[in-house]
Amino acid sequence: MTDAVVPTPPGASPPVANNFIRQIVVNDRAAGKHGGRVATRFPPEPNGYLHLGHAKSICLNFGIAREFSGTCALRFDDTNPAREDVEYVEAIKSDVRWLGFEWNELRHTSDYFEALYLCAEKLVHDGKAFVCDLSADAVRAYRGTLTEPGRNSPYRDRSVEENLDLFRRMRAGEFADGARTLRAKIDMASGNINMRDPAIYRIRKLSHQNTGDTWCIYPMYDYAHCVSDAVEGITHSLCTLEFEDHRPLYDWCLDQLDLPGDAALTEPLRRAGLRCTPSRPQQIEFSRGNLDYTVMSKRKLMALVSDHLVDGWDDPRMPTLAGVRRRGFPPAAIRAFWERVGVTKQNSVIACSVLEASVREDLDARAPRRMAVLDPIKLVITNLDAAHDETLAFANHPKNAELGTRNVPFSRGVWIERDDFAEVPPKGFHRLLPGGEVRLRGVGIVRCNNTIKNDDGSIRELHGTLDPETRHGMPGADRKVKGTIHWVSAKHAIAAEVRLYDRLFSVPNPDDDSDGKTYADHLNPHSKRVVTAWLEPALADTRAEENVQFERLGYFVADRHDHTRGKPVFNRSVTLRDSWAKG
RNA sequence: UGGGGCGUCGCCAAGCGGUAAGGCACGGGGUUUUGAUCCCCGCAUGCGCAGGUUCGAAUCCUGCCGCCCCAGCCA
């Protein structure tokens, strides 16, 4: 038996989750395609902030390149100056880097405008494209429907000379916006509407963020994207499912153009100093990554911001990368999350519990433990002197001694969590109750002797005694009690603003408007709650964006923007799993 | 009624003709000075449905059914 499964030897790199795209790449390399080279790209349009769905594509593209020692470019797909803005460019770059990836090259589709133009002239020369004078409405009318074929444009049979002349004059700015388009000459009867003589250039007399006023004609996505891929030497062009029926057009353009075989087309790039070895890329489509209890479309995210339903693009409740970053989700957790989810062609909605589990897994391993009380009630330990003041050493992590220890001051009066005490305990309650005992984390066992009330009957403070035999480190410390609660010395506590976040929507699929309601009707009114909490003093040293665990409560992060040493602000990233709350 | 995709556990997802991986969720138990973590155990005689081929089918064939995408001079 020599072909038994070989166990992964210790120290070996962890197995890479396989998927159909990775398999295609493996097969292509085995077959020697592209000389075994792998080149991918992440091509966002700079017209919005990146979100978790983009992160899936980023992880896939950069991940494939990394695994096969290939390259991955960041390309801004900026072919529509009407909707794009430099504002987004820097944000996108910063998000990609934060996620943990670095591009081999930074490009813009606009870097290729001259080559794109040359390519278009080639199509015209070859009788594969024509200038069409039809209005947008007329084009629509000629296009036919899903079930009926379209009709040829009356301008379809113009001579090459006339087309060339007209196209050059389009570029020269002789015609008004929308007056003419350059269209590929394919097949108006195709069952695939994308092949019904699609527009590849339109007139837009708009200043472009990169090229200024150099151009008044701009290439369309289908045309520009495949050419950009080829020009960059991309081998595997990964995109989402909705582009599946654009693939015939992608292939058609590249077949007509033959960029690898026609160096003149890319001469402008080399002249401009851009590395350029054209390839014949393959487009491969995968399904988008959707999450439940949120929305992921740019339009809806944009609306949440502009309607002030959230506090900006980086609101910690937003599924934007800026949002989850501010929420305190580590980039490694997001990468692990998409790795777990996998890559397929199935439409899917992933449970946010999978993301949360990834976040907890990452944070459990490395977040220092601290104590904080979010909803305080005072517990006075009456058998301690009023001046009692001692310093306790606490481990920063229960399993990783390398994280060291810290000092925690302890005194006669401590804050404990209001719901860690109950006058009439529910069944199974393991915490403090009148006459009952509970362990004060790292201190010892206290018994509650008195419940001091306000005039209105509410609890003002609790009085109890600490059993000295059970002090931490004493032989009696291992005495069993049902519960352990956290605390903060009242005398030493520092105040902080703590923002408690929950899911933004109260239904699993806010996109579903079949009942006449829209996503805005499903906003969770309790998605953000701000409290003033008491923290143990060590928390004053937390730096912005540092993750910590507030014991028994959850993982929190010092707010990236608002947190200062003098005025601490923490955001709750995710609660701890709580099997008690469930029951 | 056109074209392109997709259907494996509640949610993801392996599987590539040799008898259904894994994760999340869920349930049960153990350890625990976090009701956390960690560790066990359980969780599809079944792969959209119906036929067929085969010694053998989630994998191959045929026919149905269901869901998603496409009629921007957006990407």
Side-chain angles (χ1 to χ4, degrees), chain A residues 17-19 23 43-45 47 77 79-80 82-84 132 134-136 139-140 143-150 177-183 189-196 198-204 218 220-222 224-225 239-248 285 287 289 292 298 337 339-358 360-361 364-365 369 371 397-399 428-431 439-445 470 472 477-486 508 549-554 575-583:
Chain A
N18 203 7
N19 62 60
Q23 260 174 46
E45 182 185 15
N47 72 339
D77 209 346
T79 57
N80 187 350
R83 3 188 289 163
E84 293 146 13
C132 183
L134 253 22
S135 68
V139 167
R140 193 173 310 122
R143 186 154 36 224
T145 69
L146 292 179
T147 53
E148 302 156 23
D177 268 25
R180 286 177 157 84
T181 54
L182 183 71
R183 291 225 258 161
S190 173
N192 181 347
I193 289 183
N194 296 299
M195 300 298 269
R196 317 242 263 231
I200 59 180
Y201 263 97
R202 77 291 216 178
I203 302 172
R204 284 285 173 279
Y218 293 95
M220 300 287 292
Y221 167 84
D222 286 308
H225 202 86
C239 65
T240 43
L241 249 30
E242 69 272 26
F243 293 105
E244 209 147 19
D245 48 11
H246 291 235
R247 192 172 63 227
E285 311 84 11
S287 59
D292 62 4
K298 266 184 197 172
F337 164 66
E339 185 80 4
R340 283 178 189 199
V341 166
V343 180
T344 69
K345 297 184 72 133
Q346 264 149 262
N347 288 318
S348 62
V349 180
I350 299 118
C352 58
S353 63
V354 182
L355 211 209
E356 290 170 353
S358 299
R360 290 192 185 105
E361 188 174 297
D364 173 61
R369 271 67 254 242
M371 292 198 290
H397 192 103
K399 292 194 216 177
F429 192 71
H430 288 178
R431 309 171 190 179
R439 185 183 302 278
L440 271 191
R441 181 92 226 255
V443 176
I445 296 170
T470 62
H472 194 66
D478 54 2
R479 202 184 105 203
K480 298 292 178 201
V481 277
K482 274 198 284 192
T484 299
I485 65 174
H486 61 278
Q549 182 195 98
F550 288 175
E551 288 206 35
R552 300 212 302 135
L553 297 174
T575 60
L576 255 31
R577 279 182 62 214
D578 187 353
S579 52
W580 157 249
K582 271 174 193 150

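A, B, ... follow the sequence lines: proteins, then strands. Residue 1 opens every chain. What you are looking at is a predicted structure, and each value in this text was computed from that prediction instead of being measured.
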Pick base, sugar-phosphate or nothing for [X], based on heavy-atom distances below 4.0 Å to the nucleic acid.
X        : answer
A/Ser353 : sugar-phosphate
A/Met371 : nothing
A/Ser358 : nothing

Which nucleotides of nucleotides 31-43 of chain B have their base under 4.0 Å from a protein heavy atom (B), which only their sugar-phosphate (S), and which neither (-), written as one string 5' to 3'?
-> --BBBSBS-----
Under the ring pair (Phe, Tyr, Trp, His ring centres under 6.0 Å) rule, collect the residues that match up with [X], sequence neighbours excluded.
X        : value
A/Phe429 : none
A/His225 : A/Tyr221
A/Phe337 : none
A/His397 : none

Whole-Å [atom1] distance, [N] and [M]:
N     : M     : atom1 : result
B/C9  : B/A50 : P     : 16 Å
B/G23 : B/G5  : C1'   : 26 Å
B/A57 : B/U45 : C1'   : 15 Å

For [N], the Watson-Crick or wobble counterpart (both distances under 3.5 Å):
N     : value
B/G42 : B/C26
B/C73 : none
B/C47 : none
B/C6  : B/G66

Looking only at side-chain N and O atoms, does [X] come under 4.0 Å of OP1 or OP2 in [N]?
X        : N     : answer
A/Gln346 : B/G7  : yes
A/Arg202 : B/C74 : yes
A/Arg340 : B/A13 : no
A/Arg204 : B/C74 : yes

What pairs with [X] under side chain to side chain donor-acceptor pair (under 3.5 Å), at least two apart in sequence or on another chain?
X        : value
A/Arg479 : A/Glu437, A/Asp467
A/Asn192 : A/Asn194
A/Arg196 : none
A/Thr240 : A/Glu242

Between atom CD1 in A/Ile200 and atom P in B/C74, what is the gap in whole Å?
-> 14 Å
Would you kindly give the CD1-to-C1' distance between A/Ile350 and B/C24, to the nearest whole Å?
-> 11 Å
Going by modelled atom types, is there a donor-acceptor pair between the base of B/C16 and the side chain of A/Gln23 at under 3.5 Å?
-> yes
Nucleotides 46-48 of chain B: which of its N/O atoms have a protein N/O under 3.5 Å away?
none

Could you give the side-chain donor-acceptor pairs of residues 342-353 of chain A under 3.5 Å, partners two or more places apart or in another chain?
residue  : atom : partner  : partner atom : Å
A/Thr344 : OG1  : A/Gln346 : N            : 3.1
A/Lys345 : NZ   : A/Glu244 : OE2          : 2.4

Every protein N/O lying under 3.5 Å from an N/O of nucleotides 64-69 of chain B:
residue : atom : partner  : partner atom : Å
B/C68   : O2'  : A/Asn347 : ND2          : 3.1

